[in-house]
2 protein chains.
Amino acid sequence: MLTAKGAATRRRIIEAASEEIRERGIHATTLDDICRRSATGKSQLFHYFPEGKEQLLLAVASYEADRVIEDQQPHLGRLTSWPAWERWRDAVVERYRRQGVNCPLGVLLTEVGRNTPAAQAVTGRLLVRWQRDLQSGIETMQDGGHIRRELDAERTAAAVVAAVQGGVVILLSTGSTDHLVAAMDLCMAHLRA
Amino acid sequence: MLTAKGAATRRRIIEAASEEIRERGIHATTLDDICRRSATGKSQLFHYFPEGKEQLLLAVASYEADRVIEDQQPHLGRLTSWPAWERWRDAVVERYRRQGVNCPLGVLLTEVGRNTPAAQAVTGRLLVRWQRDLQSGIETMQDGGHIRRELDAERTAAAVVAAVQGGVVILLSTGSTDHLVAAMDLCMAHLRA
């Protein structure tokens, strides 16, 4: 267990690494850069990440995955009306439009190896949280009589997460949010039908 | 312009490279392996790919992108009834279930750099072909009175391509086709509604 001070230092190192990687790219970022930006020494860095750069990159990936969810809040956690769903949709499109063709999380996962158990755990947790919030939203709307009961909330939430993911992946290669918007609009239309 | 014989040799080199990369992985595959497998000499290989490995990898990426479409045929080009749409859906799910967590096209695009214009051209062409076939299918079904006219065929096709992409991306990290199936089923339900 880390002390509060230790946790704060660890967090500062992760945030510094995230910013360096976002600005300079993962291959140009050195541990020295991260130490300088976080005002920590190398020995401190290795105290929190004894396995070195790979372990730090995984922690940064986990932090970036948290940001994917946070950037959708408070909308994602509060899908209680159609206007709320619209605001969530707009927030997602705007987040990814701003991000453009460079996905910090994707870069990190590629670097640590997408098929490694640790990387899969990061994406797995992200998917579960994202999908759970969408499922709650669908169930709340069903309870309020706004979405038909026959719709399987869990499977529908899985489909919506997939549609958003696909729109983002296409944006990463085309630079356009067109597919993301089309995919989200199709899902919303299906929910409202 | 290549002669017929030249085009056949070039094709043999690309196919050999594709098989080597699928079996051994991109980093373990050498130009010597590809020459051996295609029964061509190094000088022949450089005749067809004067810029070397990078140019060859791009040609292999383009070949893998063609396979993505071919593996969905004849269904994708013949979406003229609901049973035809079901067969297409099953073919897509089965293709990606078999492929599992290793995407040959994805590996190649990562290697040549996803954000390079050449890689973007490969994914761009793939998306256009895929979406065009889906749009034709939707329009045919609209002409037959099976899909409502109000649906924008082009945007809906874009949404379906995105949903499939998202399901595949999630499969690449989870190993499960659940999201892909859920996403395709949501799209089909929306088309049929």
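We name chains A, B, ... by the order of the sequence lines, and we start the count at 1 in each one.
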Practice prompt. Salt-bridge test for B:Asp90 and B:Arg87: reply yes if a basic N is under 4.0 Å from a carboxylate O, no otherwise.
Written response: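 Looking at B:Arg87 together with B:Asp90, the answer is no, because their closest N to O distance does not fall below 4.0 Å.
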- Could you tell me whether A:Glu64 and A:Arg22 have a side-chain N and a carboxylate O separated by less than 4.0 Å?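 A salt bridge is present here (some side-chain N lies under 4.0 Å from a carboxylate O).
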Answer with side chain, backbone, both or neither: which region of [X] has an atom nearer than 4.5 Å to a non-hydrogen atom of chain B?
{"X": "A:Val168", "result": "neither"}
{"X": "A:Ser173", "result": "both"}
{"X": "A:Ala189", "result": "both"}

Can you tell which part of [X] gets under 4.5 Å to a heavy atom of chain A, answering side chain, backbone, both or neither?
{"X": "B:Asp152", "answer": "neither"}
{"X": "B:Val164", "answer": "neither"}
{"X": "B:Leu172", "answer": "backbone"}
{"X": "B:Val169", "answer": "side chain"}
{"X": "B:Leu127", "answer": "side chain"}

- Message: Pairing donors with acceptors under 3.5 angstrom, does anything connect the side chains of A:Asp133 and A:Ser136?
- Response: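 No, because no side-chain N or O of A:Asp133 sits under 3.5 Å from a partner of the opposite role on A:Ser136.
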- Message: Measuring from atom CD1 of A:Ile170 to atom OG1 of B:Thr123, what distance do you get when rounded to the nearest 0.5 angstrom?
- Response: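 If we round to the nearest 0.5 Å, A:Ile170:CD1 and B:Thr123:OG1 are 9.5 Å apart.
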_Only pairs of heavy atoms separated by less than 4.5 Å count here; which of B:Leu151, B:Thr156, B:Asn115 has the most with chain A?_
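Top count of heavy-atom pairs under 4.5 Å with chain A: B:Asn115.
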Mind ranking B:Gly167, B:Ala193, B:Gly175, B:Ala159 by heavy-atom pairs under 4.5 Å with chain A and telling me who comes out on top?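 When all of B:Gly167, B:Ala193, B:Gly175, B:Ala159 are compared, B:Ala159 has the most.
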With heavy-atom distances below 4.5 Å as the criterion, would you say the side chains of A:Glu19 and A:Arg37 are in contact? yes
* Would you check if A:Met184 and A:Trp88 make a side-chain contact, meaning some heavy-atom pair closer than 4.5 Å? => yes
Set out, in order, the CA-CA distance, both residues' side-chain angles and the distance that settles side-chain contact (heavy atoms from CB on, under 4.5 Å) for B:Asp71 and B:Tyr96, then state yes or no. CA-CA 10 Å; B:Asp71 288 351; B:Tyr96 284 104; over 6 Å; no
